[in-house]
Amino acid sequence: MNFIATIQEEVANALLIHFECDVDSDSVLINTTKQEFEGDYTVVLFPFLKRAKASPDKLGQILGTHLEENTNMVSCFNIVKGFLNVSLSNSFWLDKLAVISTVENYGSLPQRSDKVLVEYSSPNTNKPLHLGHIRTILLGWSMAQILEKAGYQVTKTLIVNDRGIAICKSMLSWLKFGDNKTPASTGTKGDFLVGEYYVKFDQELAKEYTAWQNSDEGASTYEKLKKADDTIESFFKGFKNKYFNEHSALGSEVKAMLIKWEQGDEEVKTLWKTMNQWVYDGHDVTYEKLGIHFDKAYYESETYLTGKEIVLEGLKDETFYKADDGSIWVDLEDVGLDKKILLRSDGTSVYLTQDLGTADIRYEELGTEKMIYVVGDEQDYHFKVLFEIMKKLKRPYSKGLYHLSYGMIDLPTGKMKSREGTVVDADDLIEEVIQEAREGAKERGDVTQLPSEEQTAIFNNIGLAALKFFILKVNPKKRMIFNPADSVDMQGQTGPYIQNAFVRIQSIFRKSEEALPAAAFEDYQMVEVEKDLIKTLVNYPVVIEQAALQYDPSIIASYSYTLAKQYHKMYHDVRILTAETELAKTFRLHLSKTVGSILKSSLNLLGINVPDRM
RNA sequence: GGCUCCGUAGCUCAACUGGAUAGAGUACCUGACUACGAAUCAGGAGGUUGCAGGUUCGAACCCUGCCGGAGUCACCA
């Protein structure tokens, strides 16, 4: 099947036979030939010139002739400036299409026994999901699909940060200012309702802090602790944490609540459960709208204790050490990192503790030796540390850990900040793109006769395709800029553009009455646009492997765009149902059908569905 | 300040991991619907790849130094 490897081997063979050069066939670089030149694939000759002691033209001539004579696929070749361009024969490509069109699940890689876990989303239980979450969710979902296609057994998970001081803030705030309002009583989505009280807490705290700054105590603290270059403003900005921990009335109330929670206080736990459930219900609605789900959820509240045990064990076998105040640390200076705290002096856990526990629990339950964390790049350091600790603890899965680090999404106005109210809520954004799709479709009028539920499904489909493709087409590592005002495009390099190619294909098959004849078209002489499509189809498994290996869905995104683009061009350039000959028609119908199924398959890897009409 | 990442057309992104004249989309200008769906196709214009050196047959990519931006360096998560 892999003819590229065959070409590489033959080139290596020829070098050995004709020039006594022994080269590894893997090191023979084969590129797809650029559009401007004639040929399908290109052998780069430069690396062999010195060793073969031959000019590029002579070397190319000999290699090309060798390929012609020793493979049954090369039809001709040419040499341009050190590049050997070879063309594969018409029948070679026709064979490829015949095979691809009959293979079930084309593109799937052989099944492996490896189990992989993908973690994404990781929400807090005190606010709604926003644009940033959308990127993890889409990346995680897509990555899971890709890995499954690449043969892995995948479990999709999320970790919910359901405990800690932040959650207590919204709880306390609701108790104080909530008037017993519930999602049901107000008709507000649960995550938004809880989010309101979380924000409210910060506002009240800010008020309290301002008042304190103007009090005698505040003034004397400033005089006592200010540094030479401090202004009043800069001082109090820097002092904020300390104020919250040592002086704030609200602060001490919240901390008291956290302690009650840890002690299992009935009243606090009940409130905690109730409010968390409001948020989960809200988040579930958002996930549902996005068309994604999880196989299993983990909760920090259920894993942090295991984390503590791991830390204590590590202390026993001296992987970790205890400081004078009783806090427990790990020293990672031998691998170029810092010392990190794992357990506070009062015995409570920190962020790292929880992740240690979660990983162990997952491994025990699922046996996944590969775990992929889809988390923003602001946590690059955290994961470096986490993975090093696991190595030190000699966990069996420590070699299979990967942080799929993605860049933050910026707005044209700069960074999103929840405190400044510049976040884009996921729900709003989803509604917006669907609305956009709705208006676009209404204008075109192709679907307006359909029943309204069907229309709604189509609009959702198109809007989400636009949004998902827009985010997934960008390399995850890169920071990206998102302009919600322009919302998302539906033309050009977009999700709907690709969907449209699929819809056109469906439309053809609705119109063609006869059943598709058998794939007998050996004598058909293809035109360029048709061959280009087959070339792209042939590449599908390679692209999947690459995307899986590099943890990068954007590779799939650009692949499906290329395929759609080539199809649109062919559709425009040649007639299908009214083709010149029966042979051409048969060939094009088979080609169309295969392109359609690969478009569907590749979009599916991005979490995008294809409609039959739009 | 230390460490890490980033800088490509007006804008949003590519570039097969060191290969040919750096490609797409968008916006702008032109052309193509009585032809299988125009959410389409074709053409034009748009670049000193932040700057300066270096490495080699060849550099957006590797090395060095600047300039600009982001992240991180919490007993926050």
* Expressed in whole Å, how much space separates the P atoms belonging to B:rG44 and B:rA24? -> 11 Å

Closest to the [X] side chain: [options]?
| X | options | value |
| --- | --- | --- |
| A:S345 | B:rC75, B:rC76, B:rC36 | B:rC75 |
| A:Q493 | B:rC36, B:rA42, B:rG25 | B:rG25 |
| A:N124 | B:rU40, B:rC75, B:rA77 | B:rA77 |
| A:K384 | B:rC41, B:rU4, B:rC75 | B:rU4 |
| A:Q354 | B:rA77, B:rC41, B:rC75 | B:rA77 |
| A:I508 | B:rC36, B:rA77, B:rC41 | B:rC36 |
| A:R444 | B:rC13, B:rA20, B:rA39 | B:rA39 |
| A:N500 | B:rA39, B:rC57, B:rC75 | B:rA39 |
| A:W329 | B:rG19, B:rC75, B:rA77 | B:rC75 |
| A:K81 | B:rU21, B:rA39, B:rC36 | B:rU21 |

* Asked: Hey, is A:F46 stacking on B:rG19? Ring centres under 5.5 Å, planes under 30°.
  -> yes

* A:F83 aromatic ring stacked with six-membered ring of B:rA20, 5.5 Å and 30° -> yes

* If you find the nucleotide of RNA chain B closest to A:D573 and the one closest to A:Q550, which residue's nucleotide is nearer the 5' end? -> A:Q550

* Structure fact -> Residue pair A:I481/A:N85 against RNA chain B: nearer the 5' end by closest nucleotide is A:I481

* Asked: Parallel, tilted or perpendicular: which fits the ring planes of A:F83 and A:F46, with parallel below 30° and perpendicular above 60°?
  -> perpendicular

* Parallel, tilted or perpendicular: which describes the rings of A:W261 and A:Y304, with under 30° parallel and over 60° perpendicular? -> tilted

* To do: Might you confirm whether atom NZ of A:K600 has over 12 heavy atoms from other residues, nucleotides or ligands at distances under 6.0 Å?
  => no

* Does atom CD of A:E36 have more than 12 heavy-atom neighbours from other groups under 6.0 Å away? -> yes

* In whole Å, what is the span from the CG atom of A:L411 to the P atom of B:rG69? -> 20 Å

How is [X] classified with respect to the nucleic acid when contacts are heavy atoms under 4.0 Å: base, sugar-phosphate, or nothing?
| X | value |
| --- | --- |
| A:M408 | nothing |
| A:R575 | base |
| A:F37 | base |
| A:V542 | nothing |
| A:V529 | nothing |

* To do: Kindly label the base of B:rU17 as syn or anti, based on whether its glycosidic torsion lies within 90° of 0.
  => syn

* Asked: Is B:rC62 in the syn or the anti form, by the rule that syn lies within 90° of 0?
  -> anti

* Distance below 4.0 Å between A:K478 side-chain N/O and B:rG7 OP1 or OP2 -> yes

* **Polar side chain donor-acceptor pair, A:D162 to A:S301, under 3.5 angstrom** => yes

* Asked: For A:T358, which of A:T303, A:T306, A:T353 qualifies under side chain to side chain donor-acceptor pair (under 3.5 Å)?
  -> A:T303

